[in-house]
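Got a structure for you, written out below as structure tokens; questions coming shortly.
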Protein chains: 4
Amino acid sequence: MQETQTENTRDKKREQILESAALVFSQKGYRLTRMNDIAQKADMGKSTLYEYFTSKSDLFMAVFGWLKTRYQVTADGFALNGKSAQENLSNLIQGWVASLVDMDVHYQLIMEFWAATASSEVKDQLKQAFADIYQTYREVILKVIEIGMKRGELKEDLDPEAVSAGVIGALDGIFLQAWFKPEMDPTKISNHYITTLIQGLSADPHRS
Amino acid sequence: MQETQTENTRDKKREQILESAALVFSQKGYRLTRMNDIAQKADMGKSTLYEYFTSKSDLFMAVFGWLKTRYQVTADGFALNGKSAQENLSNLIQGWVASLVDMDVHYQLIMEFWAATASSEVKDQLKQAFADIYQTYREVILKVIEIGMKRGELKEDLDPEAVSAGVIGALDGIFLQAWFKPEMDPTKISNHYITTLIQGLSADPHRS
Amino acid sequence: MQETQTENTRDKKREQILESAALVFSQKGYRLTRMNDIAQKADMGKSTLYEYFTSKSDLFMAVFGWLKTRYQVTADGFALNGKSAQENLSNLIQGWVASLVDMDVHYQLIMEFWAATASSEVKDQLKQAFADIYQTYREVILKVIEIGMKRGELKEDLDPEAVSAGVIGALDGIFLQAWFKPEMDPTKISNHYITTLIQGLSADPHRS
Amino acid sequence: MQETQTENTRDKKREQILESAALVFSQKGYRLTRMNDIAQKADMGKSTLYEYFTSKSDLFMAVFGWLKTRYQVTADGFALNGKSAQENLSNLIQGWVASLVDMDVHYQLIMEFWAATASSEVKDQLKQAFADIYQTYREVILKVIEIGMKRGELKEDLDPEAVSAGVIGALDGIFLQAWFKPEMDPTKISNHYITTLIQGLSADPHRS
DNA sequence: CATGAATGAGTGTTCATTCAT
DNA sequence: GATGAATGAACACTCATTCAT
């Protein structure tokens with residue numbers, strides 16, 4: 001257990017770098033960030049970064065992974081519980097909204113990753129990663145919808161694929177607009193919007 | 001009229017540069033595009049670009065403007081016509097979806113601008129520009145909804161701000177997901193989704 | 001003929017770089033030479049070098065080619081003339097010695113290339129190039145010796161391969177030693193040595 | 001005797017480093033060798049190397065010394081024995097050739113040192129060292145020749161300086177060529193060449 | 001007006017060396 | 001004594017921009 005350097009120490013330093021990198025990437029963007037900036041922020045020599053990450057883009061991706069882990073929304077168990085599809089949908093979505101809100105200071109950083117999917121060296125990796133994240137959520141929602149349809153809670157002529165994609169998309173899009181217009185309150189909008197949507201989905205629209 | 005160069009010629013050349021730049025930015029991304037690439041594609045000397053645009057970012061912004069003009073969805077007249085809110089919404093949305101679909105080859109380019117709002121030198125200009133675009137659309141939808149509510153076509157407890165933001169957001173988000181997952185058909189999903197949504201919005205849900 | 005830049009100008013500039021590079025490489029060695037040094041010596045911006053050569057090692061190899069051309073010993077016609085093998089050998093060797101002496105200021109540079117065959121990125125290219133040069137010379141000498149043997153001018157039990165390699169080797173080795181010990185006069189030593197050697201080769205040793 | 005570390009241990013470790021360094025320098029060349037590589041090969045920590053050698057170049061020079069010691073050709077006693085100059089020359093040369101052949105795996109390494117005389121930080125030290133080695137050999141051969149001339153075994157009009165330099169040079173040059181052209185057999189060529197040369201040197205050329 | 005040529009500021013990365021334990 | 005960790009100096013190369021023609 002007594003290694004040359006405690007794993008603890010190493011992990012701590014790694015975390016320190018990750019956090020500094022997150023901050024600087026967030027402020028300056030990937031392209032405009034210099035390794036030096038990160039090193040300074042992390043209060044260490046530039047080359048030390050290379051002891052922990054092989055390159056700038058490696059570090060960038062590591063920050064992505066770090067963020068992903070930090071804000072992972074666990075969507076397990078939603079499909080199979082006893083609640084109604086409406087309730088489950090609402091909870092699921094609220095969970096996701098909460099996580100988006102929670103990211104708060106990291107939203108700029110997420111934009112950065114998002115932006116990097118358009119060009120950058122890591123565009124393919126990132127695109128895949130994003131695709132996976134979306135895929136996961138879409139599948140959970142999909143299942144909830146399908147079950148709701150079977151149970152007769154939701155309309156029978158829905159296209160579950162389209163709806164799940166739309167729900168995810170709507171939330172994303174709302175937060176995106178809030179990103180462009182800071183005075184918007186994406187949480188409030190999301191909630192209201194979702195309520196309305198669920199009514200559109202429900203078999204018996206008089207039900208809340 | 002007998003200038004050193006006809007305005008005509010100058011405009012033509014400008015257009016030529018713009019198109020070449022659009023193409024190259026789209027293929028390589030802003031960051032990875034070299035002025036040289038654009039010059040070659042436009043079949044002219046590198047320095048000539050600087051006769052028409054002061055800098056790379058200036059050119060980038062010019063391409064943005066060019067694209068914006070090209071795909072401007074005219075939303076005029078929707079609010080005041082005699083159709084129902086549902087119809088107007090549907091048309092509006094279909095118009096926008098059509099324009100998104102129409103962009104087709106330029107979608108990658110749009111991503112590029114989108115990405116540039118996150119960092120880049122022109123981030124502020126672009127952010128503002130996007131905000132304006134969204135704002136414009138939101139306002140039209142907003143108006144349609146408000147009128148629909150007044151007329152009793154739509155539910156009376158809607159938050160028009162939230163709904164309009166949500167509608168725009170949903171469409172954006174759907175196309176975004178399709179960008180990550182090419183086998184998706186964003187048009188079909190949008191249409192289905194919108195139908196469902198409008199039902200949620202309608203005062204009398206049995207109406208289509 | 002009136003191109004964007006006269007080929008003349010371009011060649012002149014190229015030559016200028018080559019000469020500056022030759023000088024700096026010669027003084028500092030490949031490894032210790034910075035592109036900047038060369039640019040300064042050539043009185044131009046660093047990046048201009050890259051307009052003419054793709055990389056440091058490319059430039060290095062170009063200097064090698066330049067030097068090779070400059071000091072190419074033409075060994076043509078030696079085998080087939082009417083002179084005796086002894087005379088031809090003597091002339092050939094004197095020609096080579098003369099060229100070695102002529103290199104004079106470039107000897108250090110040649111060492112540099114020689115050294116680069118041991119490691120460096122271009123080691124393989126250079127090794128091949130040197131091998132070719134040696135091969136060429138060896139073959140001329142070989143032919144002269146074979147003809148001399150046929151004619152009975154040289155001993156009949158010679159191994160022409162061995163002798164030609166030895167002759168070339170001896171000259172090289174002598175200059176090498178002079179490189180280590182500047183007070184040596186490699187020309188004098190070569191001449192004397194060769195005289196002795198030719199006597200050893202001759203069928204009738206009493207002949208000069 | 002009970003030091004903090006037995007001299008024995010220390011020497012052993014030093015040797016271990018030296019051997020590892022020799023190997024790595026030989027494979028990658030001075031410039032491309034990293035201290036890390038050597039440390040790993042020697043199965044110890046990087047910094048430990050600095051306990052035994054002050055710097056990379058110091059280590060390089062130490063390897064040179066190590067190699068020099070290992071392959072030192074003892075030329076003592078050749079001048080003063082009862083054998084003929086021809087025999088002594090032949091033996092001397094064969095001894096040297098044997099040592100060159102013996103070096104075998106180390107030939108690449110020798111090239112490396114040789115190359116380092118051209119530039120590198122240690123160029124002056126190395127140049128001096130090589131000069132000394134050559135000087136030593138030349139002197140032995142010189143003496144043998146002078147005695148041979150006095151005894152009338154060798155021609156009387158020889159320039160002993162030139163001949164000794166030439167002999168050494170020839171051998172070096174032959175091995176050099178074999179280095180460039182691996183299919184050559186330098187031993188065979190050396191022997192043949194030397195035989196011929198000695199005949200040229202001999203007062204009575206009919207003697208073998 | 002058009003442009004080829006020239007440029008220098010800017011940066012990721014390597015690696016010998018030092019230092020704290 | 002031994003070593004893993006930390007470091008900063010060093011450097012090739014790129015590319016937006018300018019300039020001379």
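Labels below follow one simple rule: chain letters A, B, ... track the order of the sequence lines, proteins then strands, and each chain is numbered from 1.
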Look at the side-chain N and O atoms of A:Tyr52 and state whether any lies under 4.0 Å from the OP1 or OP2 oxygen of F:dA6. yes
Per nearest nucleotide of DNA chain E, the residue lying toward the 5' end, B:Asp43 or C:Leu49, is B:Asp43
Rounded to the nearest Å, what distance is computed from the CZ atom of residue C:Phe60 to the C1' atom of nucleotide F:dA12?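 For the pair C:Phe60 CZ and F:dA12 C1', the rounded distance is 16 Å.
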Between D:Thr48 and F:dT3, is there a side-chain N or O to OP1/OP2 distance below 4.0 Å? yes
Can you measure C:Arg34 atom CZ to F:dC13 atom C1' for me and round it to whole angstrom units? 15 Å
Starting the side chain at C-beta, find the nucleotide from E:dT17, E:dG12, E:dC1 nearest to B:Glu51. E:dC1
Searching all strands shown, indicate the nucleotide that pairs with E:dT21 (Watson-Crick or G-U wobble; both distances under 3.5 Å).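 By the stated definition (distances under 3.5 Å), F:dA2 pairs with E:dT21.
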B:Tyr50 vs C:Thr54, nearer the 5' end of DNA chain F by closest nucleotide: C:Thr54
Can you tell me if D:Asp37 uses its side chain to pair, donor with acceptor, with the backbone of D:Thr33 under 3.5 Å? no
Given atom NZ of D:Lys12 and atom P of F:dA2, what is their separation to the nearest angstrom? 13 Å
Side-chain H-bond candidate by donor/acceptor type, D:Gln16 with D:Tyr52, under 3.5 Å: no
Paired with F:dC13 by Watson-Crick or G-U wobble geometry, both distances under 3.5 Å: which nucleotide is it?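 Base partner found: E:dG10.
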5' precedence on DNA chain F between C:Thr33 and B:Arg31 (nearest-nucleotide basis): C:Thr33
From CG of C:Leu59 across to C1' of F:dC11 the rounded distance in Å is 15 Å
Given atom CE of A:Met35 and atom C1' of F:dA10, what is their separation to the nearest angstrom? 17 Å
Under 4.0 Å: is that the gap between some side-chain N or O of D:Lys46 and OP1 or OP2 of F:dT3?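 Negative; the distance criterion is not met.
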Return whichever of A:Lys56 or B:Ser47 has its heavy-atom-nearest nucleotide of DNA chain E closer to the 5' end.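 With A:Lys56 and B:Ser47 compared, the 5'-side residue is B:Ser47.
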Specify the separation, in whole Å, of atom CE of C:Met44 and atom P of E:dT7.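 Distance, rounded to whole Å: 7 Å.
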In whole angstroms, the gap separating P of F:dA5 from CZ of A:Arg10 amounts to 6 Å
Modelled atom types, side-chain donor and acceptor of B:Gln128 and B:Asp132, under 3.5 Å: yes
Would you sort out whether C:Lys56 and C:Arg31 count as a side-chain contact (heavy atoms from CB on, under 4.5 Å), showing the intermediate values? CA-CA 10 Å; C:Lys56 189 182 178 185; C:Arg31 174 158 85 112; 5.7 Å; no
To the nearest Å, give me how far apart CZ (D:Phe53) and P (E:dA16) are.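 These atoms are roughly 15 Å apart.
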Give a yes/no on whether any side-chain N or O of D:Lys13 is located under 4.0 angstrom from OP1 or OP2 of F:dA2. yes
Any donor-acceptor N or O pair under 3.5 Å, side chains D:Glu15, D:Trp66: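 Checked: D:Glu15/D:Trp66 side chains pair up, N/O donor to acceptor below 3.5 Å.
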